[in-house]
Enquirer: 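The structure's right below; bear with me while I get my questions together.
Below, read A as the first sequence line, B as the second, and so on, with proteins coming before strands; counting in each chain starts at 1. What's counted below: heavy atoms across the whole structure, side chains too, no hydrogens, waters or symmetry copies.
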There are 2 protein chains.
Amino acid sequence: MTDRVKPRQNTLYVSSLEKGLRILEVFSEDKLELGLTEIARETGLDKSAAQRFVNTLHQLGYLDKNAETRRYRPSLKYLDMAYAYLWSDNLVQLAMPRLIELSRQLQQTINMARPIEQEIMYVVRIPGYRTSYGASVIGRRVPALTASSGRVILSRQDDATIHNCVNEWPLKRYTPWTTMDRGQILESIMVAREKGYCMSLREVLPDEINIAAPICTLDGTPVAAIHCSLPIIRWTMEQAEQEIVPHIVETARSISPPR
Amino acid sequence: MTDRVKPRQNTLYVSSLEKGLRILEVFSEDKLELGLTEIARETGLDKSAAQRFVNTLHQLGYLDKNAETRRYRPSLKYLDMAYAYLWSDNLVQLAMPRLIELSRQLQQTINMARPIEQEIMYVVRIPGYRTSYGASVIGRRVPALTASSGRVILSRQDDATIHNCVNEWPLKRYTPWTTMDRGQILESIMVAREKGYCMSLREVLPDEINIAAPICTLDGTPVAAIHCSLPIIRWTMEQAEQEIVPHIVETARSISPPR
DNA sequence: TAATATGTATTACAATATAATACAAAATGT
DNA sequence: ACATTTTGTATTATATTGTAATACATATTA
């Protein structure tokens, strides 16, 4: 939850739209299906408001209604937005064929992530053998400081920015091995800057090694990262470094978006 | 464009929300980035309205603004919605591991599509070697009568429904070989009903064979389809029928969602 | 450099969204 | 099976919010 910074209430701001969108946004991993009262509670709207907005979204086809339980869930229409985004993101188009080729070559799960606010978001996911469900869904967010993709993107920023982010940005514990020590995270980022890639162990999933390399524009601005997950039972860090890293780094390097 | 059926203007309908969403929806394959005036024109809103809604969406982070050109495009936030949907769709979760396994086994592009209105929409896409960009993006819609997935889903409906849909639903020409003859489409659907799967040739992409099998609930209602694309240069219809079809059909059959 | 198109800002007005309230229909517990 | 609570639906008078007109600023084009 961001602490409700009320966007200045000028006449160019339509707060009805904001409220409606709050309802679209309320559904998540642990809120798959909600009744009217729950929606009201979760969005901070009163019952009447929730009623009106939910009704509107239902009529427009954004929310499916279970006639028996009278609860609502996101409809297929949500995916129209994914399509619009993916089609408008040149980097995705540019990267896609190379990511497919890479996944075929390595026979491993390959992802592309982009920074957003203080997190990274998965934009492309090509599942390998035995990819967990959560790891195959686009739109997933992970705190930038926790994800190897996030760290390697940060590693291309200047010192001041890095220090600032490492101190300010949020962390989230995913496994018993998730690093919660900001000093260690800084260290990890500095190693990534040195080497040009970032490796991590059991940070997000308990049985995975992660390897990430940055995608930068010509002027060096980091705009995304390629990221590979390896099962810990079949790979050591050393093997991964020798056999996988060069391919990830090279593929990332070969993708150079304009601007 | 649907012919603007005004949802009844009762007090439970918030038209501001509708207008705002019209703007989110306006971006598409051929409208990647739009200026204020264009948005006004495309959505049918007047300049003032467009200004207010665009401003709101920009402040909320849904639209990125190019500071130089002052044009807008969908932001990463669009993908939050994809995540919410995918996570709430049980069928996707149920199917995903089997689709991954299938793609590994066949080394081919595997998709899952769901019917929506008069089209089908791709919900899961696991790209194989040399998958085109358009064929790797979720949220893509294709007229149900044109897509093999759509036909195989229809084939599980009763006769009356099928005849009605075949006569009423829209067609779209993608290639010189796209079937525009509704009689032939009906024939194709009837064959699919007989055989339990649907094959098509060059309907959507000029160099592809498509194979689709239906996913049905226990009571026989078709709710989705699995779909495989093969390059025409490497496969004949006969080969495909022998080597690929059984796997697609079996995987589809093995996925039986509740309700 | 002028002319045109496009984006931004301001304001007075009224239409639209609002909150309160009442009613109906389920769900829950005894 | 009944009473009680919770949740969903419908109605209405009121003023808050969104509106359209207009003016100004900034790019783009000729």
Side-chain angles (χ1 to χ4, degrees), chain A residues 4-27 31-75 259, chain B residues 4-27 31-75 259:
Chain A
R4 196 73 54 78
V5 176
K6 202 166 216 173
R8 72 175 197 285
Q9 200 69 2
N10 73 31
T11 91
L12 292 180
Y13 192 81
V14 180
S15 51
S16 295
L17 178 52
E18 184 206 328
K19 290 176 200 157
L21 291 171
R22 276 222 299 269
I23 292 179
L24 286 185
E25 287 171 9
V26 82
F27 297 91
K31 310 232 179 2
L32 302 180
E33 195 181 53
L34 297 171
L36 201 51
T37 314
E38 290 165 292
I39 292 176
R41 175 164 37 78
E42 295 297 328
T43 55
L45 299 171
D46 63 68
K47 205 173 78 164
S48 293
Q51 184 188 187
R52 272 176 285 115
F53 289 111
V54 166
N55 230 280
T56 307
L57 292 170
H58 177 53
Q59 283 194 48
L60 290 173
Y62 282 91
L63 296 180
D64 285 339
K65 183 176 188 174
N66 182 326
E68 291 168 34
T69 64
R70 285 177 291 175
R71 294 157 73 81
Y72 298 87
R73 32 172 75 223
S75 81
R259 238 169 20 96
Chain B
R4 196 73 52 80
V5 176
K6 201 167 216 172
R8 71 174 199 284
Q9 199 68 4
N10 74 30
T11 89
L12 292 180
Y13 192 81
V14 181
S15 52
S16 295
L17 177 52
E18 183 207 329
K19 290 176 199 156
L21 291 171
R22 265 208 327 254
I23 292 180
L24 285 186
E25 287 171 9
V26 83
F27 296 92
K31 310 230 180 359
L32 303 178
E33 194 181 53
L34 297 171
L36 199 51
T37 312
E38 290 165 293
I39 292 175
R41 175 164 37 78
E42 295 297 327
T43 55
L45 300 171
D46 63 66
K47 204 172 79 164
S48 293
Q51 184 188 186
R52 272 176 285 117
F53 289 111
V54 167
N55 229 280
T56 306
L57 292 170
H58 178 52
Q59 283 194 51
L60 291 173
Y62 282 91
L63 296 180
D64 284 338
K65 183 177 187 174
N66 182 327
E68 292 167 34
T69 65
R70 287 178 290 176
R71 292 157 74 81
Y72 298 87
R73 31 171 78 222
S75 80
R259 236 171 19 98

Enquirer: Closest nucleotide of DNA chain D for A:E38 versus for A:L17: which of these residues is on the 5' side?
Expert: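 Taking each residue's closest nucleotide, the earlier one in sequence belongs to A:E38.
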Enquirer: Answer yes when B:E38 and B:K31 have at least one side-chain N-carboxylate O distance shorter than 4.0 Å, and no when they do not.
Expert: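 Between B:K31 and B:E38 there is no salt bridge, as every charged N stays at least 4.0 Å from the carboxylate O atoms.
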Enquirer: Rounded to whole Å, please give me the gap between CD in B:E33 and P in C:dG7.
Expert: 11 Å
Enquirer: Quickly, which of A:V14, A:L24, A:L17 forms a side-chain contact (heavy atoms from CB on, under 4.5 Å) with B:L17? Name it, please.
Expert: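 Only one option passes, and that is A:L17.
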Enquirer: Please check if the side chain of A:S75 supplies one atom and the backbone of A:G61 the other of a donor-acceptor pair under 3.5 Å.
Expert: yes
Enquirer: Below 4.0 angstrom, N of the basic side chain to O of the carboxylate: do B:E42 and B:R22 qualify?
Expert: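 Here B:E42 does not pair with B:R22 in a salt bridge, since their nearest N and O are not under 4.0 Å apart.
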Enquirer: Go nucleotide by nucleotide along DNA chain D from the 5' end; which of A:L36 and B:F53 gets its closest nucleotide reached first?
Expert: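 The residue whose closest nucleotide sits nearer the 5' end is A:L36.
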Enquirer: State, to 0.1 Å, how close A:I23 and A:L57 come at their nearest heavy-atom pair, and which atoms those are.
Expert: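 Smallest interatomic distance, heavy atoms only, reads CG2-CD1, 3.6 Å.
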Enquirer: Base, backbone or nothing for each nucleotide of nucleotides 21-30 of chain D, written B, S, -, heavy atoms under 4.0 angstrom, 5' to 3'?
Expert: B-----S---
Enquirer: Side chain of B:V14 only, heavy atoms from C-beta on: which candidate in D:dG8, D:dT17, C:dA17 is closest?
Expert: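 Nearest to the side-chain atoms of B:V14, counting from C-beta on, is C:dA17.
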Enquirer: With the side chain of B:S16 defined as its heavy atoms from C-beta on, choose the nearest nucleotide among C:dT8, D:dG8, D:dG18.
Expert: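 Nearest to the side chain of B:S16 among the choices is D:dG18.
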Enquirer: From C-beta outward on A:T37, which listed nucleotide comes closest to its side chain: D:dA20, D:dG8, C:dA19?
Expert: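 Closest nucleotide to the A:T37 side chain: D:dG8.
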Enquirer: Between A:L63 and A:R73, is there a side-chain heavy-atom distance shorter than 4.5 Å?
Expert: no
Enquirer: Tell me whether the side-chain N/O atoms of A:K65 come closer than 4.0 Å to OP1 or OP2 in D:dT9.
Expert: yes
